[in-house]
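Here the structure is laid out as structure tokens; the discussion comes afterwards.
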Amino acid sequence: MSASASHITSVLKETRSFPPPPRFAAHAHIRSLEEYEELCQRARENPEAFWADQAERLHWFQRWQQVLDWKEPHAQWFVGGKLNASYNCLDRHLNTPHKNKAAIIWEGEPGESRILTYQTLHREVCQFANVLKALGMQPGDRVTIYMPMVPELAIAMLACARIGVTHSVIFGGFSADAVADRNNDAKSRLIITADGGWRRGKVIPLKDNVDEALTKSTTIEKCIVLNRCHQQITMKPGRDLWWHELMAQASADCPAVPLDSEHPLYILYTSGSTGKPKGILHTTAGYLLGTSLTHEWIFDLREEDTYWCTADIGWVTGHSYIVYGPLCNGATTLMYEGAPNYPREDRFWEIIEKYQVNIFYTAPTAIRAFIKWGDKWPNGHDLSSLRLLGSVGEPINPEAWMWYHTVIGKEKCPIVDTWWQTETGAIMIAPVPGAIATKPGSATRPFPGIIAEVVDRQGRPVPDNTGGLLVIRQPWPAMLRTIYGDDERYRQQYWNQVPHCYFTADGARRDSDGYIWIMGRVDDVLNVAGHRLSTMEIESALVHHPKVAEAAVVGRPDEIKGEGIACFVTLVGGVPASDELKKELREHVAHEIGALARPDDIRFTEALPKTRSGKIMRRLLRDIASGRETVGDTTTLEDYSALARLREEEA
Ligand code: PRX
């Protein structure tokens, strides 16, 4: 579906509602619906005053002169202010009782455990910042980070932030080509990696991937390598440097540089509907404010909490809710390196018991896997420390929600279903848990200061309980500032779809209580296991293969991953179709993009159904891929027999 179709039929009917448990609400940051509504009202009447009040939570080297400078579609927040994200996450905790509090509790997949206090984390970050400086990194330079889930990943990010270097973290599951593309797009000068990382008992060969990527990266001068797994790797003289050797010589004295509020903190690549990935740019002050405030209010953070977000730092969830939000709040954030089912299906529950985790934030795809693995795994552990559960990344189906509520939360933990995006930087729609009753499957209501609405293509609100486009009406501090190197695309994709609104590309419905129900993407982006993948990118990876003439990729329902990847492929003349070739193509896509993009189904076909203007009719392919009868209009179909043949092949 495209943004032009603004009315979407909503079929989900869910009437259960769970009020905040009174004992939870009594101690919450925001304790009642009245309090929440008052905050929303205040923010609506005077957004700048509201955000300025909240910005007092950050440490400023110099105060701002203007809260917001908005020239659609460009926002500058806290103009004239100076601060440093690394200082906010570390230094300012050092003269407080947080000094010796655990900042990061880390568990490696093979079972090691490491605890870094705010003071020890600060020291390592300072040292590594000096390493970067010694290699000539300057404020504004870009550095790529491609690492496993180890504390050094957070250390590298905070060291960049400390000296004003903009980091670009790439998920460790991406392939060499994906790394090379992102290096070139960001024009990174340096890459930080590891020999490997552990995943399900095997080593992911990160350094080998980097070696391959660097043959195609035009701007990388140096490569820093952490020795995580003691792998046999090649170190290229003059280019490759060992992390531990550099750190051994580095001083721990490195004052944080006062940076402009709008200094670029990081670039994070995400899939869009057309062409290459988009480098989403986030800046310093607004992003830190958004992540720290939402982290405190939505997770209802308490001083003594052990907080665990199971995301990978390679995605935005890890940036905002493992690193920046929690550390800015002086929280204890848990990081786990590996897979949820290694060595057994109870690894997460074992970790919760071992560290007495209080807040647990994971994704629906993981929850669906837990359900499949069976209740005996969580039931075999003491989960009584948990007091709040969170969900992110895709719509959570009510069955999964109820299972989470009952089996993990023992019916006493509120569930915060948090809707947001790489672009929004921080959570936008979620229950503030002491104030808002939850409904299984709904992200509930917008965060105070966020004006989220469901509208038609002209920006007019659609009636309650009618599907429409989810938009945000006003700028917010943690919003993306642009697409790195492509401001026109930023303008087009986010601000030119619905007049004077930020377009989320999600469909949604609002119910008569004002609750928002997300209905999924309306563009050609798949949501596979909570991660965005562009159908275009998978198609171009397929067409890159010498035996493929044309390819169309669509999503189809998948019990665990939410959406599976179905590919329709026409082969170059004379090439015979075979199961071996299917396998080869699946591996080819995994190699070009990463294992996450490995197709679930490949179907060979002689022709793809197209409109007269040559557009592939994806709606039809989606119907076929998911085994549905084709409904709706097929009159624009150029070659009706293509559809009939696809159906025959299906049979
Ligand atoms: O479609 C929505 C879905 O994930 C998209 C954003 O993906 P990404 O930028 O990779 O960020 C994921 C983590 C924030 C959204 O446009 N999505 C995310 N959270 C939810 C969701 N869909 C429904 N409910 C959610 N809680």
Side-chain angles (χ1 to χ4, degrees), residues 1 3 8 10 12 14 169 171 173-174 267-273 277-280 282 287 290-291 294-295 298 309-322 324-325 361-368 389-398 400-401 404 415-431 438-447 452 454 467 469-472 478-480 483 493-494 497 502-509 515-534 555 561-563 596-597:
M1 195 195 112
I8 307 165
S10 166
L12 188 68
E14 172 60 58
V169 178
F171 171 56
F174 277 122
I267 300 168
L268 184 59
Y269 287 87
T270 189
S271 295
S273 51
K278 306 183 273 196
I280 302 302
H282 283 291
Y287 175 78
T291 54
T294 51
H295 181 254
I298 294 169
C309 165
T310 69
D312 192 289
I313 293 179
W315 307 108
V316 74
T317 307
H319 281 61
S320 299
Y321 297 106
I322 298 178
Y324 288 110
Y361 188 29
T362 195
T365 183
I367 297 170
R368 290 191 293 264
L389 304 174
S391 168
V392 61
E394 58 184 305
I396 177 166
N397 42 312
W401 196 101
Y404 201 26
I415 295 179
V416 292
D417 175 0
T418 62
W419 177 88
W420 58 297
Q421 307 177 299
T422 307
E423 292 87 342
T424 68
I427 297 170
M428 304 289 275
I429 305 175
T438 52
K439 300 184 189 184
S442 171
T444 77
R445 296 180 59 178
F447 193 75
V454 181
L469 307 172
L470 180 66
V471 297
I472 313 295
M479 67 189 267
L480 79 165
I483 293 175
Q493 298 209 337
Y494 301 111
Q497 306 285 333
Y502 167 83
F503 176 56
T504 65
D506 276 349
R509 139 181 102 88
Y515 279 49
I516 291 175
W517 300 74
I518 308 291
M519 294 160 63
R521 309 279 308 176
V522 297
D523 57 10
D524 286 331
V525 171
L526 307 180
N527 192 324
V528 177
H531 301 306
R532 276 159 66 179
L533 290 173
S534 144
K561 296 193 289 183
E563 210 161 12
L596 188 70

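We count ligands from 1, going down the list as the structure has it; atoms in each ligand are counted the same way. Fair warning: this is a prediction, and the values are worked out from it, not measured in the lab.
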Exercise. Do we see a donor-acceptor contact under 3.5 Å between the side chains of Thr422 and Tyr269?
Worked result: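 The criterion, which ignores hydrogens and geometry beyond distance, is not satisfied for Tyr269 and Thr422.
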For this session: Give the numbers and elements of all ligand 1 atoms closer than 4.0 Å to a heavy atom of Thr418.
Result: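 Going through ligand 1 atom by atom, the ones under 4.0 Å from Thr418 are 19 (N), 20 (C), 25 (C), 26 (N).
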Exercise. Considering residues at least two apart in sequence or located in another chain, which fulfil the side chain to side chain contact (heavy atoms under 4.5 Å, CB included) criterion with Ala311?
Worked result: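 For Ala311, the residues satisfying side chain to side chain contact (heavy atoms under 4.5 Å, CB included) (neighbours in sequence not counted) are Cys309, Thr317.
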Exercise. Can you name the residues that form a side chain to side chain contact (heavy atoms under 4.5 Å, CB included) with Phe171, not counting sequence neighbours?
Worked result: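 Here the qualifying residues are Phe174, Asp312, Trp315.
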Exercise. Step by step, would you call Glu394 with Arg368 a salt bridge (charged side-chain N to carboxylate O under 4.0 Å, His left out)?
Worked result: CA-CA 12 Å; Glu394 58 184 305; Arg368 290 191 293 264; 2.9 Å; yes
Can you tell me which residue and heavy atom of the protein come closest to [atom], and the distance to 0.1 Å?
{"atom": "atom 13 (C) of ligand 1", "value": "Thr317 OG1, 3.4 Å"}
{"atom": "atom 3 (C) of ligand 1", "value": "Gly393 O, 3.3 Å"}
{"atom": "atom 2 (C) of ligand 1", "value": "Asp506 OD2, 2.9 Å"}
{"atom": "atom 11 (O) of ligand 1", "value": "Thr422 N, 3.7 Å"}
{"atom": "atom 25 (C) of ligand 1", "value": "Glu394 O, 3.5 Å"}

For this session: Looking only at non-hydrogen atoms, find the nearest pair between Ile516 and Ala508 and report the distance.
Result: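 Distance-wise, the nearest heavy atoms are CG2-CB, 4.0 Å.
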Is the shortest N/O to N/O distance between [X] and ligand 1 below 3.5 Å?
{"X": "Gln421", "answer": "yes"}
{"X": "Arg532", "answer": "yes"}
{"X": "Ser391", "answer": "no"}

Exercise. Is Pro395 touching ligand 1 with its side chain, its backbone, both, or neither, if touching means heavy atoms under 4.0 Å apart?
Worked result: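 For Pro395, backbone and side-chain atoms both sit under 4.0 Å from ligand 1.
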For this session: Please work out whether the ring planes of Tyr287 and His282 are parallel, tilted or perpendicular, with thresholds of 30° and 60°.
Result: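 Rings of Tyr287 and His282: tilted, 30 to 60°.
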